[in-house]
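Single-structure report; data block below.
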Number of protein chains: 2
Amino acid sequence: MASQTEENYLKTLFNLANDKNEVNISELAAQMQVSMPTVNSMVKTLQKNDWLIYEKYKPVILTQKGKKEAALIIRKHRLTEMFLVNKMGFGWEEVHEIAEQVEHIHAPKFFERMDEMMGFPTIDPHGSPIPDKQGRIQEINYLTLSKCKAGQTVILAALTNSSTEFLEFLNSRELSLGTELTINSVENYDQSMVATYVGHTSETLSEKVCERLLVRVIG
Amino acid sequence: MASQTEENYLKTLFNLANDKNEVNISELAAQMQVSMPTVNSMVKTLQKNDWLIYEKYKPVILTQKGKKEAALIIRKHRLTEMFLVNKMGFGWEEVHEIAEQVEHIHAPKFFERMDEMMGFPTIDPHGSPIPDKQGRIQEINYLTLSKCKAGQTVILAALTNSSTEFLEFLNSRELSLGTELTINSVENYDQSMVATYVGHTSETLSEKVCERLLVRVIG
DNA sequence: TTATAATGTTAGATTTATCTAACAAAATTG
DNA sequence: CAATTTTGTTAGATAAATCTAACATTATAA
């Protein structure tokens, strides 16, 4: 069984993996907020337990076993976030920290009960997919709002960033998943958008914000 | 902040403390399932952080700070057990293991929400009192069933032991907190009792079982 | 009340997860 | 393509939590 620390490395590796499934030591060190030698020694340990493939001076790659384990930890994290929001009344900006701890609990029935009580949700409160019990992730390809054009109508479906600050910004503008937005115009100079949605006419959204909003185009 | 390991020592110290608030190193070692030298070095660490008082060759005593910390961990444990039973549908025999992990989560709001959702319960599923937010415990003095006499009627209020095996035994006899029992007779030879309660006439309960059942006499 | 048993301590080793300093390889760029 | 920068590795140290072996103190009991 992976230690709590190892679980955090696996999860981070899964999230950082690029199209080739590779992660650099330096990226991992930055994300985990530890030094490169620490990562170096940890990837050797993880390799011994067949969680990943490592060769000197090469980026690391999770094995199938490693990927599955990581996905199951992410599953616990996202189920917890959804449970906290839907069953315990937390705001979407409050749940990450708690889920970060709850995800390490070893008690399959605990998470199965959450899942059941929520009716087997497929996404978490930030629109990210919840891996299934086999660790499979249903990948949905949303568009970032910044790729959309003036005149289009879209539904806010997910976020590419879920920092507390960003979530609080969205709260302040009354933007939540499911909100239907119509793009009035796109400013050529800075790519900011002006949009209209329930309760808000001509709300300006900076490019930075638009890049972090994932949408489904409906018109 | 106490580490998870330190939290476990504090909790165990609290539970083992006798009338003088003292705990022997050997008891603690046995309960924690570690060697005496491990305990010896840990109590020195705990003393440095003012969790307890330690003098060579003397039993250790929790400080006020240590007692409060321990009580607050026990509070998280018992709130969790109650939440698992009342809000998530677990059986009372399933919750200890999960609570043992959840009690170490640092997220005051998480436990406050549980507390709120349950209407601020004062006992856990096994009848043990839940310490309040200040770490104060309301001590209730129940009688063990074994101290009662033939002819008395009692209500099952709490347990002195909550092992899975004992809880499963109680389940098998349909005994739960709140059950009203009438003692038909007490066997002189082995102190076993014959009792009657809803759905059960003349159920025999061994002395071992009677000692573990805490009751309130009502007639 | 002394011998024995039980309890507690010290010393020193181990594992895990981390660090800094020094060095080596790979990538970038003038 | 050689110099420099970035990235990665090795060596060695540290702190936490554990162990065993050996020794010391306290308690018990003949």
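Since this is a predicted model, take the numbers as computed values, not measurements. Chain letters run A, B, ... following the sequence lines, proteins first and then strands; every chain starts at 1. Just so you know, these numbers use all the heavy atoms, side chains as well, and skip hydrogens, waters and symmetry mates.
We find that NZ of B:Lys58 is positioned 23 Å from P of C:dA6, with the value rounded to whole Å. Atom pair B:Glu55:CD and D:dT25:C1' shows a separation of 15 Å (rounding to whole Å applied). As rounded to whole Å, 15 Å separates atom P of C:dT15 from atom CD of A:Glu6. The separation between B:Gln4 atom CD and D:dT18 atom P is 11 Å, rounded to whole Å. Residue A:Met1 contributes atom CE, which lies 15 Å from atom C1' of C:dT16 at whole-angstrom precision. In this entry the distance linking CG of B:Leu28 with C1' of D:dA17 reads 14 Å, nearest Å.
Side chains of B:Val34 and B:Tyr9 form a contact here, defined as non-hydrogen atoms less than 4.5 Å apart. Looking at A:Leu62 and A:Val23, their side chains never come closer than 4.5 Å, going by heavy atoms from C-beta outward.
For the atom pair B:Asn15 CG and B:Ile74 CD1, the distance stands at 4.5 Å (nearest 0.5 Å).
Using cut-offs of 30° and 60° on the angle between ring planes, the pair A:His77 and A:His96 is tilted.
When the options B:Arg75, B:Arg78, B:Lys76, B:Lys87 are evaluated for a salt bridge (charged side-chain N to carboxylate O under 4.0 Å, His left out) with B:Asp115, the one that passes is B:Arg75.
Nucleotides of DNA chain C nearest to A:Tyr57 and A:Tyr9 differ in position, and the one nearer the 5' end is that of A:Tyr9.
A salt bridge is defined here as a Lys NZ or Arg NE, NH1 or NH2 lying under 4.0 Å from an Asp or Glu carboxylate O, and A:Lys109 with A:Glu112 fails to meet this definition.
Contact between the side-chain N/O atoms of B:Ser3 and the OP1/OP2 oxygens of D:dA17 is found at a separation under 4.0 Å. Checking the phosphate oxygens (OP1, OP2) of D:dT10, a side-chain nitrogen or oxygen of A:Lys56 falls inside 4.0 Å.
Under the side chain to side chain contact (heavy atoms under 4.5 Å, CB included) criterion, B:Ser176 pairs with B:Thr179, sequence neighbours left out. Residues satisfying the side chain to side chain contact (heavy atoms under 4.5 Å, CB included) test with A:Thr122, not counting sequence neighbours, are A:Gln138. With sequence neighbours left out, the side-chain hydrogen bond (donor to acceptor under 3.5 Å, both in side chains) criterion links A:Asp190 to A:Ser192.
In this model, no donor atom of one side chain and acceptor atom of the other lie less than 3.5 Å apart for A:His104 and A:Gln4. For the residue pair A:Asn171 / A:Trp92, a side-chain donor-acceptor distance below 3.5 Å is found, with atom types taken as modelled.
Within the helix from C:dT1-D:dA30 to C:dG30-D:dC1, the inter-axis angle between the opening and closing five-pair segments is 0°, rounded to 10°.
Against DNA chain C, the stretch residues 35-48 of chain B makes heavy-atom approaches under 4.0 Å through B:Met36, B:Pro37, B:Asn40, B:Lys44. Proximity of residues 10-25 of chain B to DNA chain D (heavy atom under 4.0 angstrom from any strand atom) is not detected for any residue.
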